[in-house]
Structures are given as C-alpha cells and as structure tokens.
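A short worksheet on the structure shown next.
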Amino acid sequence: MKKYLPAAAAVVAVLAAASATPAAAAPVPSASSVAPSPSPVRVVASGERVDAGGGWTVWLTEEGKYWSGPDGDENFRSVVDGNVDLSRPGVSHQSEGSEAGVFHSGLFYGTKKAGKVVLTGTDGTKTTAALLELPGRPGWGVWYAHTGPENDGGAAVALYDRNGRLLAELPGWNA
C-alpha cells in the first residue's frame, strides 16, 4: 500500500490548494495525465523471496512455486511436471494452519490476464489474495492469503480476470 501514498498525497495537495484559493483554483489533472491503475499482479524475480506475513515466505522459479512457514520447512509445487494444464485457466490450493489462523497459497495458471483470486470461507467470508508472477507474463503465478481458523472445512477458491470475469474455481473442502 505504501506505493500509493505519494499519488494520494498529490491528489490531497491539489484538492487542498483548490479549496484554499477559491478564485484561482489549482488545475485538476486531466484523466489522461493520471497514471493507470497498477497491475493486480506483483512481478518478482526468479528466486526472490517474498515475505507473505506471519512467518511465511513465498518465491517462484521457472519450475514452480516454493513456500516455507514459521517452522522453516520448505515446500514446492511444480508447473513443469505435467500436472498443471497451462493451456486453460485453473487454480490450485494448499493450506496450513492452526487455531490462530490459516495460510493459504496456490498457483493460478492458463491466463496472462489474472485479476484476482478470492477465497470464500465456509462461513461466507471473502478474502482477496495477493498475486505474484515472474517477468514476461509466463501464463502462471502464485497467490497467497491468510484467514482465520476454519473448523468445518476449507475455503473455496476462485480466479478472476482483470475485468472481473470468473475463469476457474475450486470448491471448498466438505462443500
């Protein structure tokens, strides 16, 4: 969120200047001078470790997704072993948790226009995941999110494109 603060401060400054000088308001930026919304997917270098919060770390290589938790154990999910069909949109889901909460992560694939991944808990609570991918839009990436503990099953996962269109979904456990 910090990267949006300078832009927000500039808008506030323009608005403050406009209200402070009623006769000679500061010019308001035109729509064409406003920077486009950033991609919902954060691009990371191969092997770059991303702090996913709560002691969790996620990183990507050309071979797939890696993650480690507070216990330090490393895990891997391949995108090159033939178990992921990169020709059509899909999403995978792994989770680990305790009474304190659950760390969810997975792959999204088969699209170069991923917009968001949303988890829906068994109680209906929706959580939007963070998205990561390697440079060049390889057609797959990683998502991760934290939720509260889930006692009666796991969250459903849905992948949407940048226009909000549903591309793929997985039902929750015990659904």
Side-chain angles (χ1 to χ4, degrees), residues 1-4 35-69 73-98 101-175:
M1 293 295 269
K2 291 181 182 178
K3 63 183 172 184
Y4 302 108
S37 297
S39 168
V41 182
R42 177 179 163 193
V43 176
V44 296
S46 181
E48 177 182 342
R49 293 184 179 241
V50 175
D51 180 354
W56 295 91
T57 303
V58 178
W59 63 102
L60 294 71
T61 69
E62 289 75 14
E63 291 78 36
K65 166 194 152 199
Y66 295 81
W67 73 103
S68 66
D73 289 340
E74 292 185 2
N75 299 285
F76 173 68
R77 176 67 169 101
S78 177
V79 295
V80 296
D81 65 2
N83 288 322
V84 176
D85 181 359
L86 298 176
S87 70
R88 46 186 249 175
V91 64
S92 71
H93 184 194
Q94 294 82 42
S95 63
E96 297 179 51
S98 66
V102 180
F103 176 72
H104 302 266
S105 65
L107 299 172
F108 62 86
Y109 50 89
T111 182
K112 294 184 179 199
K113 296 182 179 183
K116 68 180 174 178
V117 170
V118 177
L119 285 81
T120 303
T122 55
D123 64 356
T125 301
K126 294 190 181 297
T127 304
T128 301
L131 306 179
L132 306 172
E133 77 180 0
L134 295 171
R137 295 190 186 218
W140 70 273
V142 170
W143 64 267
Y144 66 88
H146 293 269
T147 65
E150 299 192 47
N151 300 323
D152 62 340
V157 181
L159 169 65
Y160 297 90
D161 70 12
R162 293 183 182 158
N163 293 318
R165 184 174 61 103
L166 179 65
L167 297 176
E169 60 186 336
L170 286 174
W173 304 292
N174 298 329

Quiz prompt | Residues S46 and E62: side-chain donor-acceptor under 3.5 angstrom | solution = yes
Quiz item: Hey, does T128 have a side-chain heavy atom less than 4.5 Å from the side chain of V117?
Solution: no
Quiz item: For the rings on W59 and Y66, is their centre-to-centre separation under 6.0 Å?
Solution: yes
Self-check item: Spacing of Y109 atom OH and L167 atom CG [to the nearest 0.5 Å]
Solution: 12.0 Å
Quiz item: Side-chain contact, heavy-atom cut-off 4.5 Å: S78 with E63?
Solution: no
Self-check item: side-chain hydrogen bond (donor to acceptor under 3.5 Å, both in side chains) between D161 and N163, worked out
Solution: CA-CA 5 Å; D161 70 12; N163 293 318; 4.6 Å; no
Practice problem: Report the C-alpha separation of E133 and L131 in whole Å, then their side-chain angles, then the decisive distance to 0.1 Å, and conclude whether the side-chain contact (heavy atoms from CB on, under 4.5 Å) test is met. | Solution: CA-CA 7 Å; E133 77 180 0; L131 306 179; over 6 Å; no
Exercise. Check the pair W140, L134 against side-chain contact (heavy atoms from CB on, under 4.5 Å), reporting the backbone distance first and the verdict last.
Key: CA-CA 8 Å; W140 70 273; L134 295 171; 3.9 Å; yes
Quiz item: Is any side-chain heavy atom of Q94 less than 4.5 Å from a side-chain heavy atom of H104?
Solution: no
Quiz item: Have K126 and T120 got a donor and an acceptor in their side chains that come within less than 3.5 Å?
Solution: yes
Quiz item: Is a side-chain N or O of R137 found less than 3.5 angstrom from the main chain of K112, in a donor-acceptor match?
Solution: yes
Quiz item: Hey, does the side chain of R162 reach the backbone of A114 with a donor-acceptor pair shorter than 3.5 angstrom?
Solution: yes
Exercise. Test W67 against E96 for side-chain hydrogen bond (donor to acceptor under 3.5 Å, both in side chains), laying out the working first.
Key: CA-CA 11 Å; W67 73 103; E96 297 179 51; 3.1 Å; yes
Quiz item: Stepwise, does the side-chain contact (heavy atoms from CB on, under 4.5 Å) test hold for V79 with L107?
Solution: CA-CA 8 Å; V79 295; L107 299 172; 3.6 Å; yes
Quiz item: Which heavy-atom pair separates L159 from G90 by the least distance, and what is that distance?
Solution: CD2-O, 3.5 Å
Quiz item: Can you find a pair of side-chain heavy atoms, one from K116 and one from V118, that are under 4.5 Å apart?
Solution: yes
Practice problem: Calculate, to the nearest 0.5 Å, the distance between atoms CG and CG belonging to L119 and L170 respectively. | Solution: 10.0 Å
Exercise. Could you tell me how the ring of H93 sits relative to the ring of W143: parallel (under 30°), tilted (30 to 60°) or perpendicular (over 60°)?
Key: tilted
Quiz item: Which is it for L132 and Y144 under the side-chain contact (heavy atoms from CB on, under 4.5 Å) test, yes or no, and what are the steps along the way?
Solution: CA-CA 9 Å; L132 306 172; Y144 66 88; 3.9 Å; yes
Quiz prompt | Positive for side chain to side chain donor-acceptor pair (under 3.5 Å) with T125, one of T122, D123, T127 | solution = D123
Quiz prompt | NZ/NE/NH1/NH2 to OD/OE distance under 4.0 Å, R42 and E48 | solution = yes
